[in-house]
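Mind having a look at this structure? Questions to follow.
Proteins come first, then strands; the chains are lettered A, B, ... in the order of their sequence lines, and each starts at number 1.
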Amino acid sequence: MATFQTLPGFRDFYPEDLAKRTQIFRLWRQTAASFGFVEYDTPVLEPLDLYRAKSGDEIEGQLFSFTDKGGREVALRPEMTPSVCRLVGARANALKRPIKWFSIAEFYRYERMQKGRGRCFYQFNADVFGEPGPEAEIELIALLIQCMRAFGLTEKDFCVRLSDRDLWFHYLAALGQDEPRIRSVLGAVDKYERNGHDAFKGYEESFGPMAPGLKQGVLDFLGIRSFGALEKALESSGASAGMAGRLAQWRKLLGGLGAMGLSDFVQVDLGVVRGLAYYTGFVFEAYDRRGELRALAGGGRYDDLVGRLGGSELPAVGFAIGDMTLALLLDERGLSAAISQAPDVYCIVGGEPERKAAFADISRLRANGYRVDYPMKEMAFGKQFKAAADSGARIALIYGTDELARGVVKMRDLGGRTERDFPTSEVEAAVREFFEAR
RNA sequence: GCGGUCAUAGCUCAGUUGGUUAGAGCACAAGAUUGUGGAUCUUGGGGUCGCGGGUUCGAGUCCCGUUGGCCGCCCCA
């Protein structure tokens, strides 16, 4: 038994684990680049106040925070949004717009572990700054969907549930609610899926029994599953100018996603309002279709946050995908594939004199970018062939006494099980030819 | 922070009412095998039975505590 373990909630990545993670990162990067997003990064350690400013004091319980040797209160980053708001806000006037940025980074939260949740995890974050209209949401939701499809996931595996906090505000205001009451109702909406009618208890404790019309209005809204139904619901409740304005935004957003051929991935569902209250417009979450896992990704519009954290006012939309739930889903669907770490060439070496000759070629081939491996210790030929096959290499180069006496090296195609001799001077060219022929 | 459950080899697990030196399969290593493949056979290394205490002549087994894993609640930026 090992004397030391990882801290609770932290993970070791053995090579086979890291290969999977690297593959996930690689596909995220590729996808983001194909959408014209550029990558940035920020420090792992930030001033504690950065997170207090965004989320309030109560956030501290969920942070890895401490006082550093200079007496500064600091925290390991629990999310990317405040940091990226700082970056963008500081150069808001100098950056060409729209600003399309992404990052892949590790985050830390002092929380109890659960399936799909640990104390450290990676997130892909993507944000669009400087674009107030739903064009930004179109781009981001399309990116989110492609970031899943890149792994082979389809509309049968996941969907993006789309909602609108701004519309909720207009709708609840029309039902006679003031702002504190609206926030309380939204809190209940967030819990409704899990807790049913108990979700409204908090509201009733603060503000007294809910008017039957209000409750029915909320439940009606929660039942909406299509844009047509949404239009109809707002019509019958006498749409205000604010609601009409939101409907126009919805039309544009859904129209754009439809034109990209993504309608099957998008589900109107006003039950998604997202936990913390800084979202100001559209909000969305990606879920697996079977509903067995935690949310795969989530995001929305936060037009006020850059101003609060970064200095300059700047409209913004963003989302994050976590690595843990996605990895669970990929495993479940048999879609997790690691990057091959097999060598291209495995050298089979007779003895010490042959080893010298092999080393010259090994060194040259490696310098040319081929992945080359060989046994470190003298080993029987039979074992070496087995090792070559086990390694996953495509070809074996055989440096035996007989071959070197004839001035050749034998090259074996491990897949085709064919062999050919090459003069020692031509080995490098022969290897190159083999791989270029593919 | 709360509740449930579990903890024996790198992995998956056996281990009888408490009874000798704690086992198997897989994996790993060596040999059979001094030049040709994912096989077979033989052999080997690897354990403070999570940790600490208690009961007992005797504890992997029973009791208490503790740490950690998993699952759920709270939370989920």
Side-chain angles (χ1 to χ4, degrees), chain A residues 1-12 14 16 46 50-56 58-63 75-85 107-119 121 123 125 127 187 190-191 193-195 198-199 202 272-279 283 285 292-300 302 305 309 318-320 322 324-325 328 342 346 348-351 354 377-405 410-419:
Chain A
M1 204 52 21
T3 312
F4 293 106
Q5 307 176 348
T6 58
L7 290 166
F10 284 75
R11 303 177 277 175
D12 285 324
Y14 283 87
E16 61 271 24
E46 292 275 16
L50 180 63
Y51 304 111
R52 286 210 191 101
K54 181 189 167 232
S55 310
E58 67 277 8
I59 199 70
E60 252 181 272
Q62 321 238 27
L63 291 177
L76 291 171
R77 62 185 174 197
E79 58 167 325
M80 193 47 104
T81 305
S83 302
V84 71
C85 284
F107 300 96
Y108 307 87
R109 297 180 184 174
Y110 200 86
E111 292 187 291
R112 192 73 180 173
M113 292 184 57
Q114 264 174 59
K115 190 177 186 184
R117 186 170 84 178
R119 287 181 169 182
F121 55 91
Q123 276 187 351
N125 274 262
D127 296 87
D190 190 35
K191 291 184 171 61
E193 197 170 323
R194 291 188 301 274
N195 302 352
D198 286 350
V272 174
V273 294
R274 309 280 295 155
L276 257 63
Y278 64 86
Y279 286 109
V283 289
E285 291 188 339
E292 290 163 357
L293 302 171
R294 311 175 69 81
L296 291 156
Y302 52 99
L305 209 52
L309 298 172
F319 72 86
M324 291 179 78
T325 304
L328 285 172
Y346 194 96
I348 290 170
V349 185
E354 292 78 20
K377 285 185 224 158
E378 271 197 57
M379 210 189 266
F381 263 67
K383 275 235 154 46
Q384 292 196 55
F385 278 100
K386 187 163 153 35
D390 285 344
S391 77
R394 305 276 297 284
I395 57 180
L397 292 177
I398 299 155
Y399 294 83
T401 320
D402 303 349
E403 284 81 2
L404 292 185
K410 187 168 286 186
M411 182 169 120
R412 183 175 174 86
D413 176 345
L414 288 165
R417 299 193 175 215
T418 55
E419 289 179 351

**OP:** Tell me what A:E378 touches on the nucleic acid: a base, only sugar-phosphate, or nothing, going by heavy atoms under 4.0 Å.
**Re:**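 The answer is nothing, as A:E378 stays clear of every strand by at least 4.0 Å.
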Subject >> Exercise: identify the closest heavy-atom pair between A:E111 and A:R119 >> reply: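 The answer is O-NE, 2.7 Å.
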Subject >> side chain to side chain contact (heavy atoms under 4.5 Å, CB included) partners for A:T401, two or more places apart >> reply: A:E354
Original post:
Can you tell me how far P in B:rG10 sits from the matching atom in B:rG35, rounded to whole Å?
Top reply: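 Looking at atom P only, B:rG10 and B:rG35 are 36 Å apart.
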Subject >> Heavy atoms of other groups near A:R112 CZ, more than 12 under 6.0 Å >> reply: no
**OP:** Search all heavy atoms of A:R294 against all heavy atoms of A:K115 and return the closest pair with its distance.
**Re:** CD-O, 3.0 Å
Original post:
Can you tell me how far C1' in B:rC2 sits from the matching atom in B:rC63, rounded to whole Å?
Top reply: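 Between the two C1' atoms, the distance is 25 Å.
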Original post:
Rounding to the closest angstrom, what is the interatomic distance between B:rC49 and B:rG60 at atom P?
Top reply: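 Roughly 7 Å separates the two P atoms.
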Original post:
Is any NZ, NE, NH1 or NH2 atom of the basic residue among A:R77 and A:E46 found under 4.0 Å from an Asp or Glu carboxylate oxygen of the other?
Top reply: no
**OP:** Would you kindly check whether a donor in the side chain of A:R417 faces an acceptor in the base of B:rU36, or vice versa, at under 3.5 angstrom?
**Re:** no
Subject >> B:rG15 and B:rU8, which share atom name P, separated by this distance in whole Å >> reply: 14 Å
Subject >> C1' spacing across the pair B:rC64 / B:rC28, given as an integer number of angstrom >> reply: 40 Å
Original post:
So which heavy atom on A:I348 is nearest to which on A:A396, and how close?
Top reply: CD1-CB, 4.0 Å
Subject >> 5'-to-3' dot-bracket of RNA chain B (Watson-Crick, G-U; under 3.5 angstrom; crossing pairs as [ ]; | other strand) >> reply: (((((((..((((.....[...)))).(((((.......))))).....(((((..]....))))))))))))....
Subject >> ring centroid sep under 5.5 Å plus plane angle under 30, A:F385 with B:rG37 >> reply: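 By the stated criterion, A:F385 and B:rG37 do not stack.
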Subject >> Passing candidate, side-chain contact (heavy atoms from CB on, under 4.5 Å) with A:L397, options A:M411, A:E403, A:K410 >> reply: A:M411
Original post:
If the C1' atom of B:rG69 is compared with that of B:rG54, how far apart are they to the nearest Å?
Top reply: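 The same atom, C1', in both gives a distance of 26 Å.
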Subject >> Heavy-atom donor-acceptor pair, A:R412 side-chain to B:rG35 base, under 3.5 Å >> reply: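 Such a pair does not exist between side chain and base.
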Original post:
A:I348 CD1 to B:rU34 P: how many Å, rounded?
Top reply: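 Distance check: A:I348 CD1 to B:rU34 P gives 16 Å.
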Original post:
To the nearest 0.5 Å, what is the distance between CZ (A:F385) and CD1 (A:I398)?
Top reply: 3.5 Å
Original post:
A:E419 has an atom CD; how far is it from atom P of B:rU36, in whole Å?
Top reply: 10 Å
**OP:** Tell me, please, which residues at least two apart from A:D390 pass salt bridge (Lys or Arg N to Asp or Glu O under 4.0 Å).
**Re:** A:K386
Subject >> Separation between the C1' atoms of B:rC26 and B:rU66, rounded to whole Å >> reply: 33 Å
Original post:
To the nearest Å, how far apart are A:L7 CG and B:rG68 P?
Top reply: 9 Å
**OP:** For a side-chain hydrogen bond (donor to acceptor under 3.5 Å, both in side chains) with A:E79, tell me which candidate from A:R109, A:Q123, A:K54 qualifies.
**Re:**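 Result for side-chain hydrogen bond (donor to acceptor under 3.5 Å, both in side chains) with A:E79: A:K54.
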Subject >> Residue mapping more 5' on RNA chain B - nearest nucleotide basis, A:K383 or A:I398 >> reply: A:K383
Original post:
For the residue pair A:A342 and A:A393, what are the closest heavy atoms and their distance?
Top reply: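 Smallest interatomic distance, heavy atoms only, reads CB-N, 4.5 Å.
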Subject >> Rounded distance (Å) that lies between atom P of B:rG35 and atom OH of A:Y346 >> reply: 16 Å
Subject >> Euclidean distance, atom CD of residue A:E16 to atom P of B:rG10 [Å, nearest integer] >> reply: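 After rounding, the reported distance stands at 15 Å.
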Original post:
Roughly how many Å is it from CG in A:L328 to P in B:rC70, rounded to a whole number?
Top reply: 11 Å
Subject >> side chain to side chain contact (heavy atoms under 4.5 Å, CB included) involving A:E378 - partner list, sequence neighbours excluded >> reply: A:E352
**OP:** Return the minimal non-hydrogen interatomic distance between A:A75 and A:L63, and the atom names on each side.
**Re:** CB-CD1, 4.1 Å
Report all interatomic pairs (protein N or O, nucleotide N or O of nucleotides 39-42 of chain B) with separations under 3.5 Å.
unit_1 : atom_1 : unit_2 : atom_2 : d
B:rA39 : OP2    : A:K386 : NZ     : 3.3

**OP:** Indicate for each nucleotide in nucleotides 71-77 of chain B, in 5' to 3' sequence, whether protein heavy atoms under 4.0 Å reach the base (B), only the sugar-phosphate (S), or nothing (-).
**Re:** SSBBBBB
Original post:
For A:Q384 and B:rG37, what is the distance between atoms CD and P respectively, to the nearest whole Å?
Top reply: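 It is 13 Å, rounded to the nearest whole Å.
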Original post:
At under 4.0 Å between heavy atoms, what does A:L414 touch on the DNA or RNA strands: base, sugar-phosphate, or nothing?
Top reply: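 Base, at least one base heavy atom under 4.0 Å.
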**OP:** Provide the distance between the two C1' atoms, one in B:rC70 and one in B:rU33, to the nearest whole Å.
**Re:**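 My reading of the C1' atoms in B:rC70 and B:rU33 gives 47 Å.
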